[in-house]
Amino acid sequence: MRRSAAVCFLMLIGFSLAQGPAQSVHRDTFEGNAVKFRPGPTTVVVREEAHSLTQQFAHSAPSSEYLRVAAEESARELNPYAHYVYATPAAPVTDETAGSLWLRASRPGVQLWARVTLPRERDPATNAAVTILVPGEKYSLSGGRWQRLEVRKLPKLVADERQRLRAKLNRDVDVTGAVVDALVLNTFAGPGIMEMWIDDLELSPVNPEETGVRTEVRSKSAPQTTPPGVKPVGPAVIEFQREQLRANGRPVLLRGIKHTDTPLRALRDAGVNAIFSDGPIPAGIVEEATRLGLWLVPGATESGASLAGNDSVLAHNLGEWRSAEELEAVTRAAAAVRAADPQKPIACDVREGFWSYSRHVDLVGAHRWPLFTTLEMSRYRDWLVQRRNLCRPSTYLWSYVQTHIPDWYVDVVQPPRNAVGFSAPIGPHPEQIRTLSYLALAAGYRGIAWSSDRALTDASQGRDRLLQIALLNQELAMLEPVITAATDPPVWIDTSVPQIKAAVFRGERGVLVLPIWLGSGSQFVPEQGASGRVVITVPQVPIGTQAWDVSPGEVKSIPAERVVGGTQITLTEFDNAATIVFTSDTSPSGLLVRWQDLVRRLAPSAAQWTYDLANVTLTKTEAVQGELAKLKVALPDTDLLLKSARERIQSARSAWEAHDYRTAYREAQRAQRPLRVLMRAQWVQLVQGLDSPASSPFGVSYYSLPQHVALVRQIGAGSPGANVLPEGDFERGTDDPAGWQVIRNTLDEVELIAKLTTDAASGQRGLHLESKPKPSKPGQPAPVALERTFLAAESPAVRLTPGSLAKVSFQVKVPLPLTAGADGLVVYDSAAGEALGIRIVGPVPAWKRYTMYRQVPANGELRVVVALTGLGTVVVDDVRIEPMSSQ
């Protein structure tokens, strides 16, 4: 027993402490005599008063670069700036590209940018390559403290800028070969003196020829050092046959992950089988992944495939979030990759144009980030199914799964940080990752790839998420033969519990029933998600099959009986999701024997990891509850629920020490239920009274509730002023509302109508938005899924004091439910963005007001956008932006 405990403990230590090989990184610690940042373009009057290297302050000894500037007012400039530029080695724009520096400033507002050169676009005036600036993080601290500023997600930022350039130039813009060649600081944060100390600048991965780092792939004869007992998944003969990926003739379930800096050994130990990248994978990563038995999905371009012919390549990746306009370029790239490596399939993550993309690539990806937004889990499921229905029949689909807080959350909610990373607990919840993963598979997708962030390596902030991925992979390894043998897309059925819906897979190896808790608001804070009795009637179960509850902790039979409508089973203990398989495959080489063998191998680690997950969840919950107790808003039952969790955890530990892994596994699962009860009840109590949890930026997560309480108290201490949006009543204008910009954007066969109407909540007129199918042949049904339909009205900008609080509200009426789109009507503001918008799918038969509270951004501008994304009609009126005064 001692030896087993040590093995499990060391494996878990490996999750947080293992180190991967170094990448090509440009670093500058600002030592020596010469300053590195040079004055750049400016739209304001600014005077440099001091600029030198100094030992007065340094993030890492011995020195930093010091800059003192004095700026004048810039009332005439919409987005004023005063740039200082640091020239860097060239860094190709890929999903892994990131730049950062440490900054200490006298006040908030300085922002980091990256300058990107587009080598295939020329400035007609100078014939030089066009450059663009993409935004990074802003300095948000006060009191002269060090803060790490980072610019990342470069492909998305470049894509956004590309769209703006297209509109400006009225032509397409070629971003092929884009490289970062400078980091830029906008030192203007308002008039007056600004002092800055800059240190520890990094940009990676940069061109190895400029850093001396070698990237050639080693010979295939390099020694293999796969750990004992670990069977490599590659190299293998990879085949793609219609809806199946096969390795050495065996169907495989894709369980990949987006590579950041999480050690590969930790990912391998967590059960991941493929590493995804948007660009070429560094040689050191290739070598280590091959040694560990991991497949590779490297990025590819029109110039061809990296790692062509490498036996560890599972597929070649043509990028993510591809638009319909990029189809031609992706098609050319696919042809080039097939010419270079005809044996391997081609993957591409797609935003729209699914039917066309599914003709040219083998593995079609679709993804979005629903967590912390108003998109319910059930609507996310619908969105996934709609993307599948937009593809050609028998298309192999896969999906990135969210495991991290998105960029907008960091920008808007701003979790507390220290010099290392986040200093307070952050999400997502492990249960949310499990639900999202199973929803993708239950929507008919054949593979998933977790989209991790760098915090996944953080022992306090990422360990619970990595443990959940590891436990998920144990479950999926047991279900792999059933899922990969499914012959038709899953169908959904109801259960005796309204919040629990079940997906039913049918195939050659049996019938898989996957009940999932889809209660309202689970994308914000999961409910307990547990039930002592769930009755499921499964239609068309083959006679002679037995129902089994399959998990890495145990496999047990479930009594079943024939009833009207199918075969009925009763689950006496349900927790978030369950995996039930009907099968008659009980031969010596069949499913049941395979599961029993896997349980013997997996149960000790499954029990250990679930125990550790409960402990991490307890620690994070206690930290938040401690902050809420200081604010005197903690629930009366807090101590009892925490005590119940601790007792279950101790029970799990005792069972594990007694080698009773089944009990340890179940008790550790049960330990997390009182914690979910506490978190959910605390969240419900504190967001009640809001029109939506997203009415407060801090109401979308349990972990930001202390900040939410502070905001609510600020709101209660103040009062809204007069409405500063003059055209929010829609009383002026002819066809389009005066002052508002109407946007019509669609790829679908629909008519988009925006007009003023006499149906109004107040005054004489309101805004009518309608999306309807174009006239078609008699009897032809309306589309069940829209690909890109966006009918929006954007308000004029109002100017308010940066950092102040504003109340944004509107009234809406939706006569009938909105269809063919998961989002329906989305109303959002420019401060928090579309992700925090209010989503309404209807019906809302009578006028209803919705309210959002927002902090005015640094540019002092606030706009409101009303966007219809589905089929149907909405009427909006009385849109207001009211500054909140403080008492």
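Keep in mind the model is a prediction, meaning the values are calculated, not measured. One-based numbering along the sequence shown. These numbers come from the heavy atoms of this one structure, side chains and all, not from hydrogens, waters or symmetry mates.
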Do the charged groups of [X] and [Y] touch, with an N to O distance under 4.0 Å?
X      : Y      : value
Asp660 : Arg666 : no
Arg676 : Asp575 : yes
Glu573 : Arg673 : yes

In Å, rounded to the nearest 0.5 Å, how long is the span from [atom1] of [X] to [atom2] of [Y]?
X      : Y      : atom1 : atom2 : result
Leu467 : Leu613 : CG    : CG    : 6.0 Å
Phe505 : Thr579 : CZ    : OG1   : 11.0 Å
Trp517 : Asn576 : CH2   : CG    : 9.5 Å
Ile580 : Phe574 : CD1   : CZ    : 9.0 Å

Would you say the side-chain atoms of [X] pair up with the backbone N or O of [Y], donor to acceptor, closer than 3.5 Å?
X      : Y      : result
Ser531 : Arg533 : yes
Thr586 : Leu592 : no
Ser399 : Ala366 : yes
Asp464 : Val616 : no
Asn273 : Leu253 : yes
Glu376 : Gly521 : yes
Thr487 : Arg506 : yes
Gln402 : Leu371 : yes
Ser356 : Gly353 : no
Ser358 : Phe354 : yes

query = Is there any ring-ring contact (aromatic ring centres under 6.0 Å, His included) pair reaching into residues 369-390, and which pairs are they, with sequence neighbours excluded?
reply = His367-Trp369, Trp369-His404, Phe372-Tyr409
If we count only N and O atoms by modelled type, under 3.5 Å, do the side chains of [X] and [Y] hold a donor and an acceptor together?
X      : Y      : answer
Thr290 : Ser312 : yes
Gln244 : Thr484 : no
Thr663 : Trp656 : no
Asp823 : Thr869 : no
Gln608 : Asp612 : yes
Thr610 : Gln669 : no

Can you see which heavy atom on [X] is nearest to which on [Y], and at what distance?
X      : Y      : result
Ile433 : Leu472 : O-CD1, 4.1 Å
Glu787 : Glu352 : OE2-C, 3.4 Å
Gln432 : Gln523 : NE2-O, 3.2 Å
Leu439 : Arg381 : CD2-CB, 4.0 Å
Tyr400 : Glu320 : CE1-OE1, 3.7 Å
Leu571 : Pro515 : CD1-CG, 4.2 Å

request  = Assess whether side chain to side chain donor-acceptor pair (under 3.5 Å) is satisfied between Gln474 and Ser605, documenting all intermediate values.
outcome  = CA-CA 10 Å; Gln474 288 188 330; Ser605 56; 2.9 Å; yes
Quick one: does [X]'s side chain get under 4.5 Å of [Y]'s, heavy atoms only?
X      : Y      : value
Leu397 : Cys391 : yes
Cys348 : Leu363 : no
Ile275 : His259 : yes
Arg509 : Val581 : no
Val841 : Arg379 : yes
Ser496 : Val534 : yes
His360 : Leu327 : yes
Ser587 : Val593 : no

Heavy-atom count around [X] [atom1] within 6.0 Å, excluding the residue itself: above 12?
X      : atom1 : result
Gln343 : CD    : no
Arg359 : CZ    : no
Arg653 : CZ    : no

request  = Dump the intermediate steps for side chain to side chain contact (heavy atoms under 4.5 Å, CB included) on Val504 and Ile493, then the final yes or no.
outcome  = CA-CA 8 Å; Val504 180; Ile493 61 175; 3.8 Å; yes
task = Report yes or no: is the cationic atom of Arg465 (NZ for Lys, CZ for Arg) closer than 6.0 Å to the six-membered ring centre of Trp450, at no more than 45° off its axis?
result = no
inquiry  = Run Glu475 and Tyr438 through side chain to side chain donor-acceptor pair (under 3.5 Å) and show every step you take.
reply    = CA-CA 11 Å; Glu475 295 175 14; Tyr438 276 132; 2.4 Å; yes
query = Going through the distances and angles, do Val297 and Val313 end up as a side chain to side chain contact (heavy atoms under 4.5 Å, CB included)?
reply = CA-CA 6 Å; Val297 186; Val313 171; over 6 Å; no
message = Set out, in order, the CA-CA distance, both residues' side-chain angles and the distance that settles salt bridge (charged side-chain N to carboxylate O under 4.0 Å, His left out) for Asp311 and Lys344, then state yes or no.
response = CA-CA 10 Å; Asp311 289 337; Lys344 300 297 172 64; 5.4 Å; no
query = Where does the angle between the aromatic ring planes of Phe276 and Trp398 fall among parallel (under 30°), tilted (30 to 60°) and perpendicular (over 60°)?
reply = tilted
ask   = Going through the checks in order, is the salt bridge (charged side-chain N to carboxylate O under 4.0 Å, His left out) test met by Asp748 and Arg788?
value = CA-CA 6 Å; Asp748 306 295; Arg788 183 211 289 172; over 6 Å; no
key: Passing candidate, side-chain contact (heavy atoms from CB on, under 4.5 Å) with Val677, options Gln528, Glu527, Gln672   = Gln528
request  = Please lay out, stage by stage, how Arg322 and Asp349 fare under the test salt bridge (charged side-chain N to carboxylate O under 4.0 Å, His left out).
outcome  = CA-CA 6 Å; Arg322 292 291 199 174; Asp349 178 76; over 6 Å; no
request  = Under the side chain to side chain contact (heavy atoms under 4.5 Å, CB included) rule, what do Thr617 and Met679 come out as? Steps first, then yes or no, please.
outcome  = CA-CA 11 Å; Thr617 304; Met679 289 187 279; 4.1 Å; yes
ask   = Could you walk me through whether Val511 and Thr545 pass the side chain to side chain contact (heavy atoms under 4.5 Å, CB included) check?
value = CA-CA 9 Å; Val511 176; Thr545 59; over 6 Å; no
